[in-house]
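Working notes for the structure below.
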Amino acid sequence: MEYQLLDENDNQINFASLIELPEFPGGFDSLTIFIQKNFEFSQNEFKEIEGKIKSTFVVDTLGKVVDIEIIERLRKDYDTASYKVISKIPDWKPAKMQNGKKVKVKFLLSFKFVLEE
């Protein structure tokens with residue numbers, strides 16, 4: 001997962017002044033488990049396919065997941081399911097600067113779909 005720091009005007013901030021990254025409850029392994037458990041298709045929509053979806057979201061200064069975007073699409077049903085699971089992600093502990101100010105962090109999250117043999 002890649003990320004960038006953003007100020008209140010969504011301008012990129014230098015990483016050197018950051019003392020704490022946003023923290024998902026239980027860490028990134030817990031985030032992976034959350035996504036796996038909550039990723040769902042309706043039975044009518046699901047068709048097996050291989051490929052990748054890239055999405056972005058922002059963890060704001062309150063720890064909320066906001067501004068979700070699918071930036072690289074695969075197919076509508078997969079894109080929709082990816083958007084829905086990101087929208088269910090619970091609150092994070094927000095990022096902090098050296099001065100104690102909380103900042104937004106934009107994440108790039110990829111979903112890779114592989115057919116099992």
Side-chain angles (χ1 to χ4, degrees):
M1 192 178 313
E2 298 175 25
Y3 54 87
Q4 59 183 215
L5 302 178
L6 304 173
D7 66 13
E8 58 276 350
N9 298 317
D10 291 339
N11 297 315
Q12 197 164 345
I13 299 173
N14 184 341
F15 283 98
S17 57
L18 185 71
I19 60 168
E20 286 182 34
L21 277 172
E23 186 178 323
F24 183 79
F28 283 110
D29 289 343
S30 293
L31 176 60
T32 301
I33 292 167
F34 174 86
I35 290 170
Q36 290 171 344
K37 285 184 176 179
N38 290 280
F39 197 95
E40 347 181 294
F41 289 101
S42 77
Q43 293 291 18
N44 299 345
E45 294 177 354
F46 180 72
K47 293 180 181 113
E48 291 184 347
I49 190 171
E50 285 192 329
K52 189 184 327 184
I53 294 171
K54 287 187 178 179
S55 60
T56 60
F57 64 90
V58 172
V59 175
D60 70 11
T61 57
L62 300 174
K64 306 274 184 210
V65 172
V66 297
D67 300 335
I68 303 164
E69 290 185 61
I70 304 298
I71 59 172
E72 187 176 303
R73 298 180 181 282
L74 180 59
R75 201 173 65 203
K76 188 175 180 179
D77 52 346
Y78 281 74
D79 300 342
T80 300
S82 299
Y83 185 94
K84 285 180 181 178
V85 75
I86 295 170
S87 69
K88 293 178 184 177
I89 295 174
D91 294 352
W92 297 46
K93 181 179 173 187
K96 278 190 193 174
M97 305 290 285
Q98 289 175 350
N99 63 6
K101 183 178 178 181
K102 294 177 182 176
V103 291
K104 298 186 274 186
V105 177
K106 185 174 188 175
F107 285 90
L108 171 66
L109 176 63
S110 295
F111 296 87
K112 186 174 181 180
F113 301 93
V114 180
L115 294 176
E116 292 185 9
E117 296 180 15

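FYI, side chains are in, hydrogens and waters are out, and symmetry mates aren't considered; it's all heavy atoms of this structure.
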Can you name the side chain to side chain donor-acceptor pair (under 3.5 Å) partners of E72, sequence neighbours left out? none

To check you understand the geometry: which heavy-atom pair defines the closest contact between S30 and P25, and what is its length? CB-O, 3.4 Å

Linking I/L/V/M/F/W/Y whenever any side-chain heavy atoms sit under 4.5 Å apart, do I33 and W92 land together? no

K54 versus S110, closest heavy-atom pair with distance: CG-OG, 3.5 Å

Run the ring-centre check on Y78 versus F111 and record whether the distance is less than 6.0 Å. no

Same cluster or not: are F24 and F28 linked, directly or through other Ile, Leu, Val, Met, Phe, Trp or Tyr residues, by side-chain heavy atoms under 4.5 angstrom apart? yes

Would you indicate whether the side-chain heavy atoms of L109 and I35 approach each other to under 4.5 Å? yes

With N9 via side-chain contact (heavy atoms from CB on, under 4.5 Å) - residues at least two apart: D7, N11

Does atom NZ of K52 have more than 12 heavy-atom neighbours from other groups under 6.0 Å away? no

Could you give me the CA-CA distance, side-chain angles and deciding distance for V103 and L6, then say whether side-chain contact (heavy atoms from CB on, under 4.5 Å) is met? CA-CA 6 Å; V103 291; L6 304 173; over 6 Å; no

So how far is it from F113 CZ to E50 CD, rounded to the nearest 0.5 Å? 11.5 Å

Inter-residue atom distance K106.NZ - E69.CD, 0.5 Å rounding: 5.5 Å

Testing V59, T56, V58, L31 for side-chain contact (heavy atoms from CB on, under 4.5 Å) with F107, which one passes? V59

Point-to-point distance, once rounded to the nearest 0.5 Å, from CD1 of I70 to OG1 of T80: 8.5 Å

Measure the spacing between CD of E20 and NZ of K102 and express it to the nearest 0.5 Å. 9.5 Å

Interatomic distance, I53 atom CD1 to I86 atom CD1 [nearest 0.5 angstrom]: 9.0 Å

Can you name the nearest heavy-atom pair linking D10 to K104, along with the distance? OD1-NZ, 2.5 Å

Does K101 have any side chain to side chain donor-acceptor pair (under 3.5 Å) partners at least two apart in sequence or in another chain, and if so, which? E8

From CD (Q98) to CG (L18), nearest 0.5 Å: 8.5 Å

pair L62-D91: side-chain heavy atoms closer than 4.5 Å: no

